[in-house]
Amino acid sequence: MRLAAKLAVFLLLPAIIVVFPFVVGDSETKALDEDARAAMREESFIALDGGVTHYELAGPEDGPVVVFVHGLTSPYFIWDHQFQEVADAGFRVLRYDSFGRGLSDRPKVNYDADLFDRQLLNLLDALGIDEPVTLVGLSMGGVTAIHFTDRHPRRVRAFVLFAPGGMREHLPVGARIITMPGIRNWMAKAFGDLFFERMVIARFTKDAAQLEAIRENYARQMQYKGYKRAVLNTLRHNRLYGLEPVFARVGKNGKPAMAIWGDRDTIVPPEHSERLRRAIPAIELHVIEGAGHTANYEFPDKVNPLLLDFLRNHARR
């Protein structure tokens with residue numbers, strides 16, 4: 001390549017980098033505000049200290065309370081196959097979108113453990129739920145459940161963890177790079193849609209119809225501004241590794257606990273379950289054959305009987 005051509009490429013490269021995100025486009029085109037929520041008449045929202053939270057509450061008012069907490073990228077729809085069935089079994093069931101996900105606000109703050117802990121605590125208080133609850137957390141939701149149990153032991157009766165995060169020794173190099181200030185905003189706009197599409201595919205091992213339903217639910221939340229920024233900010237500020245001491249501390253309080261893992265999980269590999277058992281030796285562990293990271297969504301026929309049996313034995317007053 002001639003010197004002039006090399007110089008041209010060198011000079012144009014910064015402009016290409018800057019312009020590229022605007023060429024590929026971005027799915028986040030709408031504001032999630034009062035006007036947008038006014039059109040969602042069938043949804044429930046509540047204003048908390050950190051922002052508006054989208055939630056759903058079902059089941060008998062006097063039933064033992066079970067709270068479902070979703071993971072890093074998926075909002076509360078990920079519990080679609082458990083929510084009503086648990087409510088029909090006589091439990092008071094609550095699920096909600098964590099800040100930055102689903103139809104909850106995307107505040108411009110650090111998405112750390114304190115934020116998610118405070119949101120859950122404020123939500124329970126705002127809904128008048130002061131009795132001990134059973135927490136059911138998936139992936140990062142399992143980390144939120146563990147932090148909450150550690151910080152507010154009197155508010156928790158028992159907990160169920162689906163492939164919880166926190167067992168890695170450190171954050172993968174790739175995640176550290178894409179969440180660096182200055183890089184993460186560019187990455188979110190340039191490659192965010194493709195990145196989340198691939199994450200969705202990596203989670204599921206079952207059938208095409210199920211995958212299409214997941215894509216539709218993701219598309220709903222990804223049309224609102226701030227989702228990808230919130231996820232990348234969470235990876236940077238909400239520690240999802242090196243948490244075995246916290247798990248071990250919670251394990252010493254003797255609360256009933258169960259863990260469920262898919263044997264084909266590539267997000268939080270099933271071998272992490274051994275680290276979990278070392279931290280909480282008394283935990284009841286089940287492995288779902290053929291399941292990926294979201295065994296609860298892929299194989300509810302296998303998961304729900306285990307969950308209901310645990311709740312009937314340990315979640316009642």
Side-chain angles (χ1 to χ4, degrees), residues 50 67-74 78 96 98-101 109-121 133-180 199 202-203 230-262 265-287 292-296:
V67 182
F68 288 98
V69 190
H70 65 73
L72 175 67
T73 64
S74 58
I78 206 68
Y96 67 100
S98 296
F99 286 135
R101 284 81 176 163
V109 298
N110 287 339
Y111 286 75
D112 55 18
D114 292 340
L115 177 72
F116 297 118
D117 178 77
R118 188 167 57 250
Q119 182 187 19
L120 176 52
L121 181 63
V133 305
T134 296
L135 295 175
V136 184
L138 165 67
S139 194
M140 189 189 82
V143 172
T144 299
I146 285 295
H147 280 307
F148 191 89
T149 304
D150 184 43
R151 298 179 183 189
H152 317 283
R154 296 182 181 179
R155 304 294 294 265
V156 179
R157 187 184 307 277
F159 56 90
V160 179
L161 307 175
F162 283 83
M167 296 294 113
R168 293 181 184 275
E169 296 180 359
H170 52 76
L171 191 67
V173 174
R176 276 182 276 174
I177 292 174
I178 67 173
T179 58
M180 291 176 62
M199 283 193 72
R203 287 167 179 256
V231 172
L232 292 177
N233 184 286
T234 302
L235 282 172
R236 181 169 179 80
H237 293 285
N238 188 25
R239 185 171 175 174
L240 300 176
Y241 59 93
L243 296 178
E244 289 184 54
V246 183
F247 280 78
R249 191 163 60 238
V250 169
K252 292 177 181 178
N253 65 26
K255 295 185 185 297
M258 180 172 72
I260 296 178
W261 238 286
D265 191 339
T266 60
I267 306 298
V268 182
E271 52 264 31
H272 286 200
S273 64
E274 293 305 314
R275 297 180 184 178
L276 178 62
R277 294 187 75 170
R278 286 198 297 269
I280 309 178
I283 198 166
E284 178 184 330
L285 176 64
H286 299 276
V287 177
H293 188 51
T294 48
N296 62 300

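Not measured: the values here are computed from a predicted model.
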### Query
Taking only residues two or more places apart in sequence, or in another chain, which ones meet Asp117 in a side chain to side chain donor-acceptor pair (under 3.5 Å)?
His152
### Arg277 and Leu285: CA distance, side-chain angles, deciding distance, side chain to side chain contact (heavy atoms under 4.5 Å, CB included) verdict
CA-CA 8 Å; Arg277 294 187 75 170; Leu285 176 64; 3.5 Å; yes
### Test item: His147 and Val246 side chains (from C-beta on) under 4.5 Å apart, heavy atoms
yes
### Message
Do Met140 and Thr234 have side chains that approach each other closer than 4.5 Å (heavy atoms only, starting at C-beta)?
### Response
yes
#### Entry: Separation of Met258 CE from Thr134 OG1 (nearest 0.5 Å)
10.5 Å
### Task
Let me see the working for Ser139 and His293 under side-chain hydrogen bond (donor to acceptor under 3.5 Å, both in side chains), right down to the final yes or no.
CA-CA 8 Å; Ser139 194; His293 188 51; 2.9 Å; yes
#### Entry: Exercise: identify the closest heavy-atom pair between Pro164 and Leu276
CG-CD2, 4.1 Å
### Query
Roughly how far, to the nearest 0.5 Å, is CZ of Phe116 from OH of Tyr111?
7.5 Å
### Closest heavy-atom pair and its distance - Asp112, His237
CB-O, 3.4 Å
#### Entry: Member of Leu115, Asn110, Val109 meeting the side-chain contact (heavy atoms from CB on, under 4.5 Å) criterion with Asn233
Asn110
### Query
Within the distance-only criterion (no hydrogens, no angle test), does the side chain of His70 pair as donor or acceptor with the backbone N or O of Ser98 below 3.5 angstrom?
yes
### Query
Is the backbone of Ala113 close enough, under 3.5 Å, to the side chain of Asn238 for a donor and an acceptor to pair up by distance?
yes
### From Ile280 atom CD1 to Arg275 atom CZ, the distance as rounded to the nearest 0.5 Å
15.0 Å
### Message
Working to the nearest 0.5 angstrom, can you tell me the gap between Thr294 OG1 and Ile260 CD1?
### Response
12.5 Å
### Query
How close do Trp261 and His272 get, heavy atom to heavy atom, and via which atoms?
CZ2-CB, 3.8 Å
### Query
Of the non-hydrogen atoms in Gly100 and Ala230, which two are nearest, and what is the gap between them?
CA-CB, 3.6 Å
### Nearest-0.5 Å distance, CG of residue Leu121 to CZ of residue Arg151
10.5 Å
### Query
Among pairs that include at least one residue of residues 245-255, which meet side-chain hydrogen bond (donor to acceptor under 3.5 Å, both in side chains), considering only residues two or more places apart or in two chains?
Asp150-Arg249
### Query
Rounded to the nearest 0.5 Å, how far apart are OG1 of Thr149 and CZ of Arg154?
14.5 Å
### Query
Among Val250, Leu135, Val156, Leu243, which one satisfies side-chain contact (heavy atoms from CB on, under 4.5 Å) with Ile146?
Val250
### Task
Of all the heavy-atom pairs spanning Ile283 and Ala259, show the shortest one and how long it is.
CD1-CB, 3.8 Å
### Message
For Phe247 versus Gly165, what's the shortest heavy-atom pair and its separation?
### Response
CZ-O, 3.5 Å
